[in-house]
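Okay, so here's the structure we're looking at.
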Amino acid sequence: MNKFSLATLLAGAGLLLASAAQAQPNAPQPPANLPPYNARALFNPDYLNQVGPATRTAGGKPGATYWQNAADYQIAASLDDKAARVTSNVTITYTNNSPDELPFVWLQLDQNLFRADSRGAAATPLAGSRFGNGARGFLGGDSLQTVTIELHGKKLKAAYRVYDTRMQIILPEPMKPKGDKLKISVAYAFNIPEYGADRLGRLKTQNGEIFEVAQWYPRMAVYDDVEGWNTLPYMSAEFYLDYGNFDYTINVPANFIVGGSGELVNGAEVLTASQQKRLAQAAGSNQTVLVRTPAEVTQASSRPAGRNGRLTWHFKCQQARDVAWAASAAFVWDAAKMNLPSGRKSLAMSLYPTESAQDTAWNRSTEYVKKSIEFNSKQWYEYSYPVATNVAGVVGGMEYPGIVFCGAKAKKGGLWGVADHEFGHNWFPMIVGSNERKYPWMDEGFNTFINILATKDFNNGEYKALADVEGRMAPGVVRAMQDPNADVLYTVPDVTQARNLGFAAYSKAGYGLYLLREEILGPERFDYAFRSYIKRWAFKHPTPRDFFRTMNEVGGEDLTWFWHQWFFENWLLDQAVNSVAYVNQDASKGALITIENKGQAAMPVTAEITESNGQKTTVHLPVEIWQRGGTWTFRAATSSPLTTVVLNPTNILPDVNRSNNTWRAMKLPE
């Protein structure tokens, strides 16, 4: 972790608020000049009117003919901790719900990123990269022993080809449309990298090594109604996966604790009697309960003996797009119940080494997990898994269904921020299954937004600075937008420059939704529309168009102008006060205030007007004033001369030049 700067870490997937947490509170310097404002360019009614597939409605909902394929997995894996190697068998049951015949299928072999000859290795800079292929000389990648299929009652050896991180299986006859099933069985093995692109890896601690294991089985690529097979190679961007049910086992040394996605179904076999009792206690406790204490980590009695010194942990995870796990002899384990709106039972849990219990905030981790998930479940959509496990390890921050990996050295607000962010991903993209490979802002940016609200709610703002949009996030986004080399949000992540990823994937989209909620739609309308989007697309595959159209339809606004300037362009906003006059030159009859929109972007206007008698008035003007052109004069009811007119008084808007936001009355010489 130390070889990567914090700025580099924040630039990619999985860490708190990205540039929001790093942006300095000072206002950005205004640009020397801006392109002129053009109302026709911004308020173009045809900008987003491209026709979508017939499976999706014009209002952004899944249509009557919407379909998606499904993949169920049975996996049996064994960890060789000395060799840091996983040996496994997986059987995938793939269901073709599409209206198309499928003469072949594609799978993802993500571990092949860590082969010395991978495309990702070739594209890794000599200085290294957070998302690179690991240490030079590491012998990684999937070693495939056997690949067999069962189709239409026939079992046979598969005809397959491997291209980097993708495997294509040519079928002896096509899968039939609308419900045909294919079974794929693969025996394979791979070495776990020490630092696996900040997605998985190993961390040595004083009581043993921590293994965080993800992208650990061949996964079905997505065949969808938008692009057919999605076969982008795995190089740095995250994932796009179908949903299904998982039944998997992990065989490890008996002294290991294992945390995994979903529910542990054989606790009686792998836990001591006291651990089972403590877990039952935690299930009814709002306070964190230690299931395995720091003192017990080095005690042999804290683990069952197992068979031949090994135990098999059995997990099930339903309606999920992925699973991951972590294992170590070094784990302290604690847990507490989560209070979900429906009353359904779910546990918050944390696994961390003893040194993290002593030197960091990890003894508060379960509190953080619990509060984050409870807030988002009440605010947006109920958390969908029986357990939420936070694991301390080498990975700085990465999310999987029901389990996340966070840095073992994280402290106080840092641990809250990364835990809240990673578990926020259980809404985007674990519940709302967008395509991270192409649109990272649909998960990272949306998640950054919900993190703002969750952080404001946590302990009445204990970590207030992390949610300071106006003072920290807004200036950072504005500075980034002024960079002529900044990527727009609609940029595929693999071609987004590393220094721009935090801006393009996280902070700009998160800030944009915050603006939409606070300044454009208002919390009531926004929240209803955003909840509707989540509900419509829970466990489905939305596109950006589906999101835009849902917000337009449910919010009751044509927001095309906003999507245009914020998601497809890096257009700058510059609101200015031009002049103040009085009706019939009499301040008691009202003031005529002329304002100007000097940049290419537009936003609603908030003007704070102060009179010489001390009276303050706030005027709100809709964005439609800028449909008429770049200047606007409005009348304010006043009873005395004005002393100041201030636009954007809370600094919530991304105004690039705050110096012209304020008009002050000229002082006459005495």
Side-chain angles (χ1 to χ4, degrees), residues 1-4 8-9 12-15 75 77-88 90 108-144 162 164-167 188-205 208-219 233-239 250 252 256 258-260 322-330 351 353 391-400 403-409 422 494 498:
M1 294 294 289
N2 291 335
K3 66 177 180 177
F4 299 102
T8 300
L9 288 172
L15 282 188
I75 314 171
S78 179
L79 171 66
D80 181 341
D81 60 308
K82 300 296 189 293
R85 185 171 177 82
V86 172
T87 302
S88 184
V90 59
Q108 299 172 186
L109 304 180
D110 300 292
Q111 287 299 319
N112 282 355
L113 172 69
F114 306 111
R115 289 174 56 95
D117 60 352
S118 73
R119 290 166 73 166
T124 299
L126 291 175
S129 165
R130 178 188 176 192
F131 303 114
N133 74 322
R136 300 284 175 180
F138 173 70
L139 300 177
D142 280 318
S143 172
L144 304 179
V162 175
D164 195 54
T165 59
R166 297 151 298 168
M167 177 167 71
Y188 64 100
F190 64 90
N191 296 327
I192 304 170
E194 184 175 353
Y195 186 82
D198 209 26
R199 316 282 190 213
L200 70 156
R202 313 186 319 254
L203 177 68
K204 292 181 179 178
T205 74
E209 196 163 24
I210 294 174
F211 298 86
E212 294 173 310
V213 185
Q215 292 100 262
W216 57 286
Y217 57 95
R219 304 187 292 183
Y234 176 42
M235 296 180 69
S236 65
E238 292 187 29
F239 314 113
I250 310 296
V252 294
F256 275 40
V258 179
D322 196 6
V323 290
W325 52 277
S328 181
L351 300 170
V391 180
V394 69
V395 178
M398 188 59 202
E399 71 282 354
Y400 300 95
I403 189 170
V404 304
F405 303 154
C406 297
K409 296 182 180 180
E422 303 315 330
D494 279 332

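Each residue takes its place number in the sequence, starting with 1.
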Minimum-distance pair of heavy atoms, taken over all atoms of [X] and [Y]:
| X | Y | value |
| --- | --- | --- |
| L113 | G120 | CD1-CA, 3.6 Å |
| T205 | P353 | CG2-CB, 4.0 Å |
| A329 | F256 | N-CD1, 3.7 Å |
| L79 | A327 | CD2-CB, 4.3 Å |
| A197 | F114 | N-CE2, 4.0 Å |
| V86 | A77 | CG1-CB, 4.1 Å |

### Task
I would like to know whether Y195 and V394 meet side-chain contact (heavy atoms from CB on, under 4.5 Å); could you show each step before the answer?
CA-CA 7 Å; Y195 186 82; V394 69; 4.0 Å; yes
### Query
Under 4.0 Å between a Lys/Arg side-chain N and an Asp/Glu carboxylate O for K82 and D80?
no
### Query
Is E238 salt-bridged to R199, going by a charged N under 4.0 Å from an acidic O?
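Looking at E238 and R199, the cut-off is met.
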### Message
Assess the residue pair L144 and M167 against the criterion (side-chain contact (heavy atoms from CB on, under 4.5 Å)); give the C-alpha distance rounded to whole Å, side-chain angles, the decisive distance to 0.1 Å, and a yes or no.
### Response
CA-CA 11 Å; L144 304 179; M167 177 167 71; 3.9 Å; yes
### Message
I'd like to know if the side chain of N191 and the backbone of L139 have a donor-acceptor N/O pair within less than 3.5 Å.
### Response
yes
### Task
Examine distances only and state if a side-chain atom of E212 and a backbone atom of V395 form a donor-acceptor pair shorter than 3.5 Å.
yes
### Query
Parallel, tilted or perpendicular for Y234 and F239, by the 30°/60° rule?
tilted
### Query
Is a side-chain donor-acceptor pair under 3.5 Å present for S143 with Y188?
no
### Task
Tell me yes or no: between the side chains of Y217 and D142, is some donor less than 3.5 Å from an acceptor?
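Absent: no donor and acceptor within the cut-off.
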### Task
Using the test ring-ring contact (aromatic ring centres under 6.0 Å, His included), find all partners of W325 that sit at least two apart in sequence or belong to another chain.
W216
### Query
With sequence neighbours excluded, what pairs up with F190 under the ring-ring contact (aromatic ring centres under 6.0 Å, His included) test?
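In terms of ring-ring contact (aromatic ring centres under 6.0 Å, His included), with neighbours along the sequence ignored, F190 is linked to no residue.
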### Task
Verify side-chain contact (heavy atoms from CB on, under 4.5 Å) between V391 and V404, making sure each step is shown before the conclusion.
CA-CA 6 Å; V391 180; V404 304; over 6 Å; no
### Message
Using side-chain heavy atoms (C-beta onward) and a distance below 4.5 Å, is V162 in contact with N112?
### Response
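In contact.
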### Message
I want to check something: taking the side chain as every heavy atom from C-beta on, are Q111 and L109 in contact at a cut-off of under 4.5 Å?
### Response
no
### Query
Do D164 and S118 pass the side-chain contact (heavy atoms from CB on, under 4.5 Å) test, and can you show the C-alpha distance, the side-chain angles, and the key distance before you say yes or no?
CA-CA 6 Å; D164 195 54; S118 73; 3.5 Å; yes
#### Entry: R202: partners by salt bridge (Lys or Arg N to Asp or Glu O under 4.0 Å), with sequence neighbours left out
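Scan of R202 (salt bridge (Lys or Arg N to Asp or Glu O under 4.0 Å), adjacent residues dropped) gives E209.
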